[in-house]
*Asks:* 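If you scroll down you'll find the structure; I have some questions about it.
Ligands are counted one by one from 1 in listed order, and the atoms in each one are counted from 1 as well.
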Amino acid sequence: MSALAEAVVDLGAIADNVRTVAAVTDTALMAVVKADGFGHGAVPVARAALDAGARWLGVTSAAEALALRGAGITAPTLSWLHRPDDDFAALISAGVDVGVSTTTHLHAIVDAAHQVGVPATVQLKVDTGLSRNGASGDDWPDLVAWARKYEVEGGVQVRGVWSHLADADTPGSPGLPHQVATFEEALRVARHAGLSPDLVHLANSAAALSAPRTRFDLCRIGLALYGVDPFGADGPGEFGLRPAMTLRTTVINVKRVPAGTGVSYGPEYVTARPTTLALLPLGYADGLPRATEGRAEVWLGGRRLPIVGRVAMDQCVVDAGAAPVAIGDPVVVFGPSTGDGRAGRHGIATTGDPAAPTVTEWARWAGTNPHEILTGVGARVGRDHLHERAGNS
Ligand SMILES: *Cc1c(COP(=O)(O)O)cnc(C)c1O
């Protein structure tokens, strides 16, 4: 074993989550594997999701899309965030659908299509309230009109129209029906201009699971694919999702110290009693946020124990009290697996159970969302994929 910590990724959980969401939505699914599959490994996650029935892959950038193609994955793929000078010819040649939000990008894509000699397949994005990417206001009819003109001329084929929701994870939010209405109006504008997109999509994980009117032809699932409940439940939640990642390491030093011993950088933590300290070889460079100070726990020796003092770049210290702890003991930072054959109900940790913390708890301790914890798992943490199959998709 060479890495100091591993993220163990259960691809069986990824496959189960695809099936779970498909059963709820009854639509085609796009597995969102941006940011290296939310830190889980884009290529193995993509293969597992496709094998389980996902039809599409979604990524942020051209580089991410081309990496999938480089791994031999030929499934329909949409890439949606581009610089105006991106290598659109490479995307077109690789058969990747290009998400388009501005006429600046559209003109560049058509130029690239002429170079390559085949039309670009594009999916036009409308801004329905997030105020990020997507065409808004008068820019939408303008984008649609240019796209139709280019479609007639043979430079592009408009396969899709899509948008992204702002607060689908807040049940009952008034923003959601407003965004759906804005989206339907934008679709009417596109069809009126002569476009006939056959792939209309709006929903992310939270909307796919909870808001049937957002499902259209396809749901784009990120967080739910990785098994984290989009509504903040610590356990499997209402939908029975299975977290795929377990972050684990090993105790590398143990010391018995008297009361009054300072721990880690700074004056914050001094032992109140004689105790046993266990050193873990991972820190904020590996994805443990410093902001969790005073709250975070890990699973060690069949119990939850607190991380004390500051999380450093490479290390953190656990206060084991009177618990027996030895060098080499396995530690689970978060995950469904407790690393010692024990787990909560449904095989995954739930708050209050004698089980490992969840990624959702880590997010709460850090004042962030689970996405940031998952994508923050550092590059030097090893990735170990369970149930991986060999070969190409
Ligand atoms: C990241 C992303 C998703 C996935 O969102 P989840 O809430 O994690 O399901 C879907 N669509 C777009 C455009 C995204 O950027």
*Asks:* Would you check if the side chain of Glu151 reaches a backbone N or O of Val158 as a donor-acceptor pair within less than 3.5 Å?
*Replies:* yes
*Asks:* Taking 4.0 angstrom as the limit, do Arg273 and Asp319 come out as a salt bridge?
*Replies:* yes
*Asks:* Test your reading of the structure: does Ala206 have an N or O sitting under 3.5 Å from an N or O of ligand 1?
*Replies:* no
*Asks:* At a 4.0 Å cut-off, with the gap strictly under it, does some heavy atom of Met30 reach an atom of ligand 1?
*Replies:* no
*Asks:* Counting heavy atoms only, name the option from Lys34, Lys125, Arg220, Arg132 that's nearest to atom 11 (N) of ligand 1.
*Replies:* Arg220
*Asks:* For ligand 1, which atoms, with element, lie under 4.0 Å from some heavy atom of Phe38?
*Replies:* 8 (O)
*Asks:* Specify whether Phe88 and His105 have parallel, tilted or perpendicular ring planes, treating 30° as the upper limit for parallel and 60° as the lower limit for perpendicular.
*Replies:* perpendicular
*Asks:* Please write down residue, atom name and distance for the protein heavy atom closest to atom 5 (O) of ligand 1.
*Replies:* Asn204 CB, 3.7 Å
*Asks:* Transitively linked via ILVMFWY side-chain contacts under 4.5 Å: Trp162 with Val96?
*Replies:* no
*Asks:* Does Asp36 use its side chain to pair, donor to acceptor, with the backbone of Gly39 at less than 3.5 Å?
*Replies:* no
*Asks:* Pull out every atom of ligand 1 sitting under 4.0 Å from any heavy atom of Trp80, numbered as shown with elements.
*Replies:* 12 (C), 13 (C), 14 (C), 15 (O)
*Asks:* Are any of the N/O atoms on Trp162, whether in the backbone or the side chain, positioned under 3.5 angstrom from an N/O atom of ligand 1?
*Replies:* no
*Asks:* Please say which of Leu247, Asp286, Ile307 ends up in a side chain to side chain contact (heavy atoms under 4.5 Å, CB included) with Val333.
*Replies:* Leu247
*Asks:* Closest non-hydrogen protein atom to atom 9 (O) of ligand 1, residue and atom name please, with distance?
*Replies:* Ser205 OG, 2.5 Å
*Asks:* Do Leu199 and Trp56 come close enough that some side-chain heavy atom pair is under 4.5 Å?
*Replies:* yes
*Asks:* Just need the protein heavy atom nearest to atom 4 (C) of ligand 1, so name the residue and atom and give the distance.
*Replies:* Gly222 N, 3.7 Å
*Asks:* Starting from atom 12 (C) of ligand 1, which protein heavy atom do you reach first, and at what distance in Å?
*Replies:* His164 CE1, 3.4 Å
*Asks:* In terms of atom number and element, which parts of ligand 1 are under 4.0 angstrom from non-hydrogen atoms of Leu223?
*Replies:* 6 (P), 8 (O), 9 (O)
*Asks:* So does His107 have more than 12 non-hydrogen atoms from other groups sitting under 6.0 Å from NE2?
*Replies:* yes
